[in-house]
Amino acid sequence: MTDRALDAAKIGDQKLRAAYEACRRVNAEHGKTYYLASMLLPPEKRPYVWALYAFARSADEFVDSLTAPDPAALQTWGEEFLEALSGGPVPQDPAAVATLHTVRRWNIPRAHIEAFLESMQMDATITGYQTYADLEHYMYGSAAVIGLQMLPILEPQSPEATARARALGEAFQMSNFIRDVGEDLQRGRVYLPQEDLDSFGVTRESLGGGVVTPMIRELLKFEIERTRRLYAFAEPGIDMLHPTSRDCMYTAFTLYGEILDAVERIDYQVLSRRASVPITRRLAVALPAARRAKKARKANRQIVLPGAEDPERASV
């Protein structure tokens, strides 16, 4: 499976192939919905998606580990990657190796990487956000730019796709914030804006009590409704992508959106339980999408990979 994708992507260097395979394993283990969606892309595009996921996951682990967070190591890791982007030594970390190659091949702006690393550093010192506007600033780097990094690979057919991609990244992250309130509290963080907590009479102490009170339930309903509006704005952007990218993104759009449904199914008990979309549902969405994606690939056989024939531009 990996060899076919790497061959299709014209990635021949053995160090690069090993790095991309390591990224694929990280994606398959830790981002099952994301990985499932990536498999609906043309094989020659899949490795780049795996790289971007693994890069984000690697950075996140420096500050999100419950046992050994290491924000100083994140700072060093990020600086080494940015130095490599400027022509410095290539890092040894497989996610950095593969992402460096991905960024160069698809001309992903350096500013997107810088914004992402800035938001990851914020997690080392910031434990809450006063307003939704404050949270949006964080989410720009931690989520919106992930959508923007992906965009060249998905081949937008309209400039309007950019705003929709940003919104979809935010919607994905808000879904995670709502699902993970209890887990984030273990790290000392609350991502729901303080102004919203205040509006519903919710305190950090009441969240820490582990019991979903009527006020907490109303707060979560409010956040779910706001997040669904983000999804509604983002959805038309999927049809603005290349036909071979649409089923991948519709699958991710549907399954991440259903995290909110899962929270409702467990009666908002996110302080003590983890809401999830069952594997049966994931397959029910992905299998028909896979058939459509295969048809789309047959109808659009010519995939042009930028820089694929230029060894210097594509090398690490």
Side-chain angles (χ1 to χ4, degrees), residues 29-37 57 60 64-66 123 126-136 138-139 142-143 167-235 249-289:
E29 180 179 355
H30 298 289
K32 292 180 172 56
T33 296
Y34 195 97
Y35 182 68
L36 185 64
R57 175 79 190 189
D60 204 46
D64 271 4
S65 171
L66 289 170
D123 275 336
I126 298 175
T127 60
Y129 296 88
Q130 182 61 38
T131 68
Y132 187 70
D134 295 334
L135 182 63
E136 281 184 308
Y138 168 79
M139 288 196 296
S142 64
L168 189 57
E170 290 183 8
F172 286 170
Q173 186 156 65
M174 281 300 301
S175 298
N176 289 339
F177 287 160
I178 292 165
R179 178 195 63 193
D180 296 338
V181 173
E183 186 176 319
D184 289 331
L185 275 168
Q186 295 179 52
R187 300 184 177 93
R189 300 183 205 140
V190 175
Y191 287 104
L192 306 184
Q194 185 63 44
E195 64 181 2
D196 296 349
L197 270 67
D198 293 343
S199 293
F200 290 93
V202 175
T203 64
R204 279 185 172 236
E205 290 71 25
S206 61
L207 289 173
V211 176
V212 177
T213 64
M215 292 179 291
I216 293 173
R217 185 176 284 104
E218 291 305 310
L219 168 66
L220 293 171
K221 287 180 180 179
F222 172 80
E223 302 297 352
I224 286 173
E225 180 58 32
R226 172 156 54 195
T227 304
R228 284 181 170 144
R229 290 197 296 271
L230 282 172
Y231 279 111
F233 175 77
E235 184 174 12
M249 293 312 300
Y250 267 119
T251 297
F253 172 90
T254 300
L255 295 179
Y256 273 95
E258 289 188 9
I259 291 173
L260 304 177
D261 300 335
V263 169
E264 291 171 336
R265 278 199 303 275
I266 65 169
D267 192 30
Y268 308 95
Q269 300 300 317
V270 294
L271 301 178
S272 57
R273 297 172 60 184
R274 183 180 176 87
S276 62
V277 179
I279 183 62
T280 51
R281 176 57 182 161
R282 295 202 295 267
L283 292 175
V285 172
L287 291 177

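These numbers come from a predicted model, not from an experiment.
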Steps toward side-chain contact (heavy atoms from CB on, under 4.5 Å) verdict (Val181, Val190): CA-CA 7 Å; Val181 173; Val190 175; 5.9 Å; no
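- Residues Ala171 and Thr227 come closest through the heavy atom pair O-CG2, 3.6 Å.
- By the 4.5 Å heavy-atom criterion applied to side chains, Ile216 and Tyr268 are not counted as neighbours.
- Without hydrogens or angle criteria, Ser142 side chain to Tyr138 main chain gives a donor-acceptor distance under 3.5 Å.
- Contact detail for Phe233 and Ala167: the closest heavy-atom pair is CD2-CB, 3.5 Å.
- The distance from atom CZ of Arg179 to atom CZ of Arg274, rounded to the nearest 0.5 Å, is 3.5 Å.
- A salt bridge does not link Arg228 with Glu225: every distance from a Lys NZ or Arg NE/NH1/NH2 to an Asp or Glu carboxylate oxygen is 4.0 Å or more.
- Val212 has its side chain out of reach of Asp267: every pair of non-hydrogen atoms, C-beta onward, lies at least 4.5 Å apart.
- Aromatic ring pairs are classed by plane angle as parallel below 30°, tilted from 30° to 60° and perpendicular above 60°; the pair Tyr191 and Phe177 is parallel.
- Considering every non-hydrogen atom in both Thr251 and Ala289, the closest pair reads OG1-CB, 3.3 Å.
- Within the 4.5 Å cutoff, no side-chain heavy atoms of Leu36 are placed close to those of Thr33.
- The distance from the CZ atom of Arg204 to the OG1 atom of Thr127 is 4.5 Å, given to the nearest 0.5 Å.
- Side chain of Arg282 to backbone of Val277: a donor-acceptor contact under 3.5 angstrom is found.
- The shortest non-hydrogen separation linking Arg265 to Ser276 is NH2-O, 3.7 Å.
- Separation of atoms OG1 (Thr254) and CE (Met249) is listed at 10.5 Å; rounding is to 0.5 Å.
- For the residue pair Ser199 / Asp196, no side-chain donor-acceptor distance below 3.5 Å is found, with atom types taken as modelled.
- Not one N or O on the side chain of Glu205 forms a donor-acceptor pair closer than 3.5 Å with the backbone of Thr203.
- Inter-residue side-chain proximity for Ile178 and Ile259 is flagged as unmet; no heavy-atom pair is nearer than 4.5 Å.
- For the atom pair CG (Asn176) and CD (Glu183), the distance works out to 9.5 Å, reported to the nearest 0.5 Å.
- Between Arg187 and Asp184, at least one side-chain nitrogen of the basic residue sits less than 4.0 Å from a carboxylate oxygen of the acidic one, meeting the salt-bridge criterion.
- At least one side-chain heavy atom of Met174 sits under 4.5 Å from a side-chain heavy atom of Leu135.
- Atom CZ of Arg57 and atom OH of Tyr34 lie 13.0 Å apart (nearest 0.5 Å).
- Residues Leu192 and Leu207 are not in side-chain contact: their nearest non-hydrogen atoms beyond the backbone lie 4.5 Å or more apart.
- Taken to the nearest 0.5 Å, the CG atom of Asp198 stands 6.5 Å off from the CD atom of Gln130.
- Under a 3.5 Å cut-off, the side chain of Glu195 and the backbone N or O of Tyr132 do form a donor-acceptor pair.
- Of the listed residues (Glu223, Met215, Arg217), just one forms a side chain to side chain contact (heavy atoms under 4.5 Å, CB included) with Leu219, and that residue is Glu223.
- Residues Gly257 and Tyr231 come closest through the heavy atom pair N-OH, 3.4 Å.
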